[in-house]
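Only heavy atoms go into these numbers, but all of them, side chains included; no hydrogens, no water, no symmetry mates.
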Amino acid sequence: MLWSSALVIGLLQLCAAKPLTKRWDDLAEKHSWVEIPKGWELHSEAPSDHIFELRIGLKQDKIDDLIATLMETSDPFHERYGQHLSKEEAEAFVAPHPDSVDAVESWFEHHRISTSDIAHRTGAGDFVTLRISVAQAERMLGTKYNVYHHPVSGQRVVRTLSYSLPRELHSHIDVVSPTTYFGTIRSMRATSFLQPNIKPIEVIASKTDSTAISAAVPASCGTTITPACLRALYNTTSYVPKATTVNKLGVAGYLEEFANRADLQTFFNRFRTDAVGSSFSTVTVNGGLDDQTDPGVEANLDIQYTTGISFPTPNIYYSTGGSPPFTPDSQTTTNTNEPYLDWVNFILAQSSIPQVITTSYGDDEQTVPRDYATSVCNLFAQLGSRGTTLFFSSGDEGVGGGDCLTNDGKNSKVFQPAFPASCPFVTAVGGTTKVNPEVAVSFSGGGFSRYFATPSYQTTAVNTFVTGLGTKFNGLFNKTGRAYPDVSAQGNGFQVVIGGRTSSVGGTSASSPTVAAVFSLLNDFRLSSGKTSLGFINPLIYSTAATGFNDITSGSNPGCGTTGFTAGKGWDPVTGLGTPDFLRLQKLV
Ligand SMILES: *[C@@H]1O[C@H](CO)[C@@H](O)[C@H](O)[C@H]1NC(C)=O
Ligand SMILES: *[C@@H]1O[C@H](CO)[C@@H](O)[C@H](O)[C@H]1NC(C)=O
């Protein structure tokens, strides 16, 4: 038992003063939706004996200190710059306060949760996963779970429209899931799409073409993108990686998308002949699979372009398992994998983490409950404090897709920021197209968070833009929110081999792996000169390294029935600071 006798005595004294039933039955709402999230339908009541996994996120006691530390270790002007935390040091910050642990454990005891119901606990003890019945969870959270159906993906999930916690636990628990976050690994959006109108290159490149050490950008790069285009455009062609025994690049994969090894060889044969014979490794997370008969567009795009630029840096593809289809069979435990939370806790549990990780998935911020988004964003801050740079695609719908209406019952029209791009502790990547000059691509996601405030590292850049905008779009976006993207890269006409055939693929999904690979090479440069990895780069790129980017000054990102924001001189919410110039950045990092 988790229960110590001292604690029992303490509790008994407490009981005398305040009856237990009162203490744990005094519930207050934690989060609720006014309507069923878009795209979902109520299917049926959840069977009360259905067993599922419930994650409880305890308040991370010193999270503010962790964030302050992150800001120091990523500030190029600070003496602690580059002094990343070890796993143990980071865990000391996020471990819950003993009072939180005691309160949660006596709540468990009240509900007869025993040690055998605890499926997992993170190293810091900040997340506890219970394996319990729907009926038990309903009693603990004062709620009713239902089965909801997502017709487009065919998925069925057990969720609720609201949940509560004992009033006393609100200061001890940050989030409980699954509850009101309807995002699932299969319903989330990958930010890539096939582009049948862009004729793919089917000619196999000659050896001289693909390995030529040439600074010139091939003219074809205006329509179709290959690793040779990106290496020339962003000036990595002549760089030879040296720190390949320590430097790593990770690709986070979801949606049961598999990165195909045979396709990668075909890709190398066509577009990066010096890399033929090299590969990547796959790590499966929470029941993720590695089906080599089912290559994914997104997975192949990501891995072909990270390796295509960063070769011979080791690349790791993380295949995160989705929830199995809901079956109302109480004998089988349903795993309740959601995007982000399981994956990020899995990564944080490793003592050695890739120094750069790219993710090409996202959701409209408003569909992610604020408590869930905040918890995940804080876990990203923790990853940053460990010395990892996290890149996320900024989305493919400009300032917002669809009707852009709020889901608070008011149906007001506002630009729709994307999460995780809107988290201030990640680096969001927008899209460009064309060469000489590069211009913003119209789908490039950009905007201002409605959950997270403008972080100090970007206030000057963002204020300049907002001031220049005047009153335009007043009320449609949050002037005090975290603004994104931070940077950008090509996002159109990427040549990707899928099932042996080359196709054109577009999206900020293409941009994020590209920037990730360029920064992986910058890490290689730092690591091979005896320095630490860059870690969380935003304070650096908005200050001393800002001149290492090619400013993109034309194009816009229409959406929500508007013309969207316009790219211009300096930072803008279409292309951020611009596209990376490796040679210039090398001098600045
Ligand atoms: C704007 O962002 C702030 C964070 O700076 C947030 O607290 C606020 O609710 C947001 N306002 C709107 C209207 O979204
Ligand atoms: C990087 O490449 C671009 C385009 O090829 C070129 O204009 C620029 O001068 C290069 N930067 C450096 C530092 O050589």
State whether the number of non-hydrogen atoms from other residues, nucleotides or ligands found under 6.0 Å of Lys38 atom NZ is greater than 12.
-> yes

Can you see which heavy atom on [X] is nearest to which on [Y], and at what distance?
X: Pro539; Y: Met71; answer: CG-SD, 4.4 Å
X: Leu588; Y: Thr544; answer: CD2-O, 3.7 Å
X: Tyr361; Y: Glu257; answer: OH-CG, 3.6 Å
X: Ile225; Y: Cys221; answer: CD1-O, 3.4 Å
X: Arg272; Y: Phe311; answer: NH2-CD2, 3.7 Å
X: Ser556; Y: Ala440; answer: N-CB, 4.1 Å

Please tell me if the side chains of [X] and [Y] come closer than 4.5 Å, counting only heavy atoms from C-beta onward.
X: Glu438; Y: Leu233; result: yes
X: Asn247; Y: Ser520; result: yes
X: Leu583; Y: Tyr239; result: no
X: Trp571; Y: Pro573; result: yes
X: Thr223; Y: Lys199; result: no
X: Pro314; Y: Thr244; result: yes
X: Ser488; Y: Thr432; result: yes
X: Ser509; Y: Leu301; result: yes

Say whether, by atom type as modelled, one donor and one acceptor occur between the side chain of [X] and the main chain of [Y] under 3.5 angstrom.
X: Ser449; Y: Tyr451; answer: yes
X: Asn407; Y: Gln366; answer: yes
X: Arg450; Y: Asn478; answer: no
X: Asp75; Y: Tyr81; answer: no
X: Gln304; Y: Val497; answer: yes
X: Thr73; Y: Arg80; answer: no
X: Ser394; Y: Val429; answer: yes
X: Tyr317; Y: Asp302; answer: no
X: Gln490; Y: Leu230; answer: no
X: Asn523; Y: Leu534; answer: yes

How would you list all residue pairs meeting salt bridge (Lys or Arg N to Asp or Glu O under 4.0 Å) that involve [range], not counting sequence neighbours?
range: residues 370-385; value: Lys30-Asp371
range: residues 474-489; value: Arg482-Asp486
range: residues 405-418; value: none

Ring pair (Phe, Tyr, Trp, His ring centres under 6.0 Å) with Tyr457: which residues, sequence neighbours excluded?
-> Phe536, Tyr542

Using 0.5 Å steps for rounding, measure from the [atom1] atom of [X] to the [atom2] atom of [Y].
X: Phe391; Y: Ile537; atom1: CZ; atom2: CD1; answer: 4.0 Å
X: Asp174; Y: Ser375; atom1: CG; atom2: OG; answer: 4.5 Å
X: Lys531; Y: Leu522; atom1: NZ; atom2: CG; answer: 11.0 Å
X: Thr406; Y: Asn411; atom1: OG1; atom2: CG; answer: 6.0 Å
X: Arg526; Y: Gln355; atom1: CZ; atom2: CD; answer: 11.5 Å
X: Leu383; Y: Thr389; atom1: CG; atom2: OG1; answer: 10.5 Å

For a quick check under 3.5 Å, do [X] and [Y] share a side-chain donor-acceptor pair by atom type?
X: Asp524; Y: Thr313; result: no
X: Thr306; Y: Asn315; result: yes
X: Ser444; Y: Asn557; result: no
X: Thr502; Y: Gln495; result: no

With Asp581, which residues qualify under salt bridge (Lys or Arg N to Asp or Glu O under 4.0 Å), at least two apart?
-> Arg584

How far apart are the C-alpha atoms of Phe392 and Tyr484, what are their side-chain angles, what is the distance that settles it, and do they pass the side-chain contact (heavy atoms from CB on, under 4.5 Å) test?
-> CA-CA 11 Å; Phe392 278 87; Tyr484 71 94; over 6 Å; no

Is it true that Phe519 and Tyr234 have ring centroids separated by less than 6.0 Å?
-> no

Under 6.0 Å between the ring centres of Phe448 and Phe473?
-> no

Please report the C-alpha distance between Tyr372 and Leu341 in whole Å, then the side-chain angles of each, then the deciding distance to 0.1 Å, and finally whether the side-chain contact (heavy atoms from CB on, under 4.5 Å) criterion is met.
-> CA-CA 9 Å; Tyr372 189 95; Leu341 211 47; 3.5 Å; yes

Can you classify the ring geometry of [X] versus [Y] as parallel (below 30°), tilted (30 to 60°) or perpendicular (above 60°)?
X: His150; Y: Trp40; value: tilted
X: Phe380; Y: Tyr340; value: perpendicular
X: Phe415; Y: Phe477; value: parallel

List the steps and the verdict of side-chain contact (heavy atoms from CB on, under 4.5 Å) for Val368 and Tyr181.
-> CA-CA 6 Å; Val368 185; Tyr181 178 35; 3.8 Å; yes

Should Leu70 and Phe93 be marked as a side-chain contact (heavy atoms from CB on, under 4.5 Å) after you check the CA-CA gap, both sets of side-chain angles, and the distance that decides it?
-> CA-CA 11 Å; Leu70 172 68; Phe93 283 105; over 6 Å; no

Scan residues 381-446 for pairs that pass disulfide (SG to SG under 2.5 Å), counting only residues two or more places apart or in two chains.
-> Cys377-Cys423, Cys404-Cys560

